[in-house]
K.L.:
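Attaching a single structure in structure tokens format; questions to follow.
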Number of protein chains: 2
Amino acid sequence: MAENGIPAAQRGRKHLLVREYVRSLIVDAEPGSPAPSERDLVEQFGVARMTVRHALDGLVAQGLLERIPGRGTFVTKPLIDMQMRLSSFSEEMERRGKVPESKTLLARRETAGPGLARALETEVGSPIVHWERLRLADSQPIAIQHVYLSLDTFPRFLDDALPSSLYYLFADRDLMPTWGEDSVVAAVATEEEAESLELEPGAPVLHISRRSFCREVAVEVTRSIYRADRYTLWVPVLRPEHLR
Amino acid sequence: MAENGIPAAQRGRKHLLVREYVRSLIVDAEPGSPAPSERDLVEQFGVARMTVRHALDGLVAQGLLERIPGRGTFVTKPLIDMQMRLSSFSEEMERRGKVPESKTLLARRETAGPGLARALETEVGSPIVHWERLRLADSQPIAIQHVYLSLDTFPRFLDDALPSSLYYLFADRDLMPTWGEDSVVAAVATEEEAESLELEPGAPVLHISRRSFCREVAVEVTRSIYRADRYTLWVPVLRPEHLR
DNA sequence: ACCCTAGCGAGGTCTAGCCCAGTTGGAAGG
DNA sequence: CCTTCCAACTGGGCTAGACCTCGCTAGGGT
């Protein structure tokens with residue numbers, strides 16, 4: 001079972017290479033412009049067409065691409081514009097004109113359970129950093145944020161001083177996330193969460209789980225619990241072309 | 001190659017046969033119960049495994065099935081994982097393979113307060129339609145939806161029969177929304193909401209407020225209250241080039 | 001009684017083709 | 001000049017295998 005030096009995320013996953021290549025093409029392409037044809041990608045990457053189709057399937061499912069039989073594959077209008085972008089808590093708060101602050105509640109080594117291993121694309125039992133912080137804006141508690149990183153990706157994380165911003169760390173290691181996916185759900189605060197957030201237990205909170213990727217590599221998983229009375233998520237949306 | 005027993009109308013769509021067969025199996029299966037294995041389906045239907053996988057991909061994307069490597073494919077809990085985009089409740093539910101339904105709780109003329117007036121870009125005291133519906137998927141209550149329209153924009157709304165879909169009405173009047181903005185916040189169900197949604201009062205709910213625009217015109221304001229246990233939001237995010 | 005391992009079956013990925021149905025643009029013919 | 005038609009694309013669907021890793025379990029050895 002010894003890793004032979006090749007990162008687990010890279011072994012036998014050609015479709016991710018293709019997908020991230022195409023994603024990089026369409027991030028700042030104009031809506032409606034054509035993506036490379038499937039057969040062109042087959043030639044470029046020297047893979048089977050099924051592999052290319054699988055790669056594009058993911059982008060179509062995310063609403064970034066649209067297939068039109070007989071014509072080609074085209075860049076859709078982006079679903080997300082300015083506000084709902086991949087940015088850090090600090091960036092978000094600064095944009096809202098507030099002073100961000102954070103207090104570390106916990107920073108320790110753990111081992112990956114099945115869920116985390118899958119999300120971070122590592123193996124069950126592999127070493128993980130769990131960093132829990134209370135996040136404040138203008139000295140008022142806003143959220144509890146759990147960050148999970150693979151220690152294989154950030155080996156010296158717990159040896160060095162904790163970074164002031166996670167995103168500086170990503171930039172240093174050339175792993176700045178380029179895209180991600182958020183899951184949003186409502187919940188009520190547990191007793192522990194209520195205490196940290198200065199809420200009554202049972203008060204509503206917003207759970208936002210995020211997986212961030214740099215190219216095709218899963219970089220971080222965060223689970224944030226926001227006070228519903230101090231945080232509203234704002235998402236601009238566009239109507240997908242094919243529904244008009 | 002020319003296996004026949006099936007009408008020519010459906011030729012070349014074997015994956016749909018497999019998909020609908022599996023869907024029929026899992027409609028009233030308990031969450032967590034296993035679906036047939038891919039290789040079993042290959043034998044049952046006499047198709048290639050890629051075809052079976054394609055069939056199951058659709059059900060996985062709709063959130064009906066969950067794949068677990070090494071174990072099998074299983075029926076998920078009925079949680080609706082909805083992608084944030086400007087589309088109607090019905091469209092989203094159909095995309096998820098569920099049967100949408102709605103019950104009108106209220107439909108009357110009101111006058112705009114300051115908040116609504118600003119949101120709909122009319123004047124305070126101007127006539128407004130307030131339409132409240134209970135929204136269901138596969139006969140299970142999912143959300144309460146309050147729709148507010150300006151009676152200046154839709155003068156005959158309350159005189160005609162209520163439309164089966166609001167978006168048909170928009171299409172008729174050439175006011176199909178092209179973009180919008182959503183505000184998302186967590187809350188707990190009021191007694192009244194809990195009753196309609198078949199929840200305990202105090203259970204977590206997701207409030208989604210939407211303003212939809214057709215070009216520069218504010219067309220509708222909706223305020224929806226979703227059951228948190230049956231509804232999550234999925235938001236893909238991209239990091240803009242200039243922040244990298 | 002314990003642990004370890006081999007094997008089996010699950011899904012994950014990939015190949016190198018095949019034919020089909022739409023779309024399109026240019027060449028041939030009126 | 002215009003129309004018609006076809007060839008060269010596009011994606012959609014499908015085949016019949018291959019090899020990989022993961023999760024579980026039944027046996028076997030200690």
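We name chains A, B, ... by the order of the sequence lines, and we start the count at 1 in each one.
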K.L.:
If you check the Arg39(B) side chain, which of dC19(D), dG17(D), dG12(D) turns out closest?
P.N.:
dC19(D)

K.L.:
Please report, rounded to the nearest Å, how far the C1' atom of dC14(D) is from the NE2 atom of His54(A).
P.N.:
17 Å

K.L.:
Parallel, tilted or perpendicular: which one describes the rings of Phe213(A) and Trp179(A), with boundaries at 30° and 60°?
P.N.:
parallel

K.L.:
Relative to the 5' end of DNA chain C, which residue comes earlier, Val47(A) or Arg71(A), by the nucleotide with the nearest heavy atom?
P.N.:
Val47(A)

K.L.:
Output yes when at least one side-chain N/O atom of Thr51(B) is less than 4.0 Å from OP1 or OP2 of dT15(D), else no.
P.N.:
yes

K.L.:
Whole-Å distance between dG11(C) C1' and Leu59(B) CG?
P.N.:
15 Å

K.L.:
Does a side-chain N-to-carboxylate-O contact under 4.0 Å join Arg13(A) and Glu20(A)?
P.N.:
no

K.L.:
Could you tell me the separation between the CG atom of Leu56(A) and the P atom of dC14(C), rounded to a whole number of Å?
P.N.:
13 Å

K.L.:
Please determine, for the side chain of Arg13(A), which listed nucleotide (dT15(D), dT13(C), dT15(C)) has the closest atom?
P.N.:
dT13(C)

K.L.:
Could you state the CZ-C1' distance from Arg67(B) to dT13(C), rounded to the nearest angstrom?
P.N.:
12 Å

K.L.:
Of all the nucleotides listed (dG12(D), dG11(C), dT15(D)), which has the minimum atom distance to the side chain of Thr73(B)?
P.N.:
dG11(C)

K.L.:
Please assess Glu66(A) against Thr76(A) for the test side chain to side chain donor-acceptor pair (under 3.5 Å), listing each intermediate value before the final yes or no.
P.N.:
CA-CA 6 Å; Glu66(A) 179 186 13; Thr76(A) 55; over 6 Å; no

K.L.:
Out of dC14(D), dT10(D), dG12(C), which nucleotide sits closest to the side chain of Asp40(A)?
P.N.:
dT10(D)

K.L.:
Round to a whole Å and report the spacing from CZ of Arg49(B) to P of dG11(C).
P.N.:
7 Å

K.L.:
For Leu41(B) and dG9(C), give me the distance from atom CG to atom P, rounded to whole Å.
P.N.:
16 Å

K.L.:
Starting at CE of Met50(B) and ending at P of dG12(C), how long is that distance when rounded to a whole Å?
P.N.:
11 Å

K.L.:
Just by modelled atom types, is the His54(B) backbone N or O under 3.5 Å from a matching donor or acceptor in the Arg19(B) side chain?
P.N.:
yes

K.L.:
In plain terms, say whether Glu38(A) and Arg67(A) are close enough for a salt bridge, that is, a side-chain N and a carboxylate O under 4.0 Å apart.
P.N.:
yes

K.L.:
Nearest to the His15(A) side chain among dT15(D), dA10(C), dT13(C), which nucleotide is it?
P.N.:
dT13(C)

K.L.:
Between dT13(C), dC14(D), dG12(D), which nucleotide has the shortest distance from any of its atoms to the side chain of Arg53(A)?
P.N.:
dG12(D)

K.L.:
Starting the side chain at C-beta, find the nucleotide from dT15(D), dG11(C), dC14(C) nearest to Ala48(B).
P.N.:
dT15(D)

K.L.:
How close or far is atom C1' of dC14(C) from atom CZ of Arg19(A), stated in whole angstroms?
P.N.:
14 Å

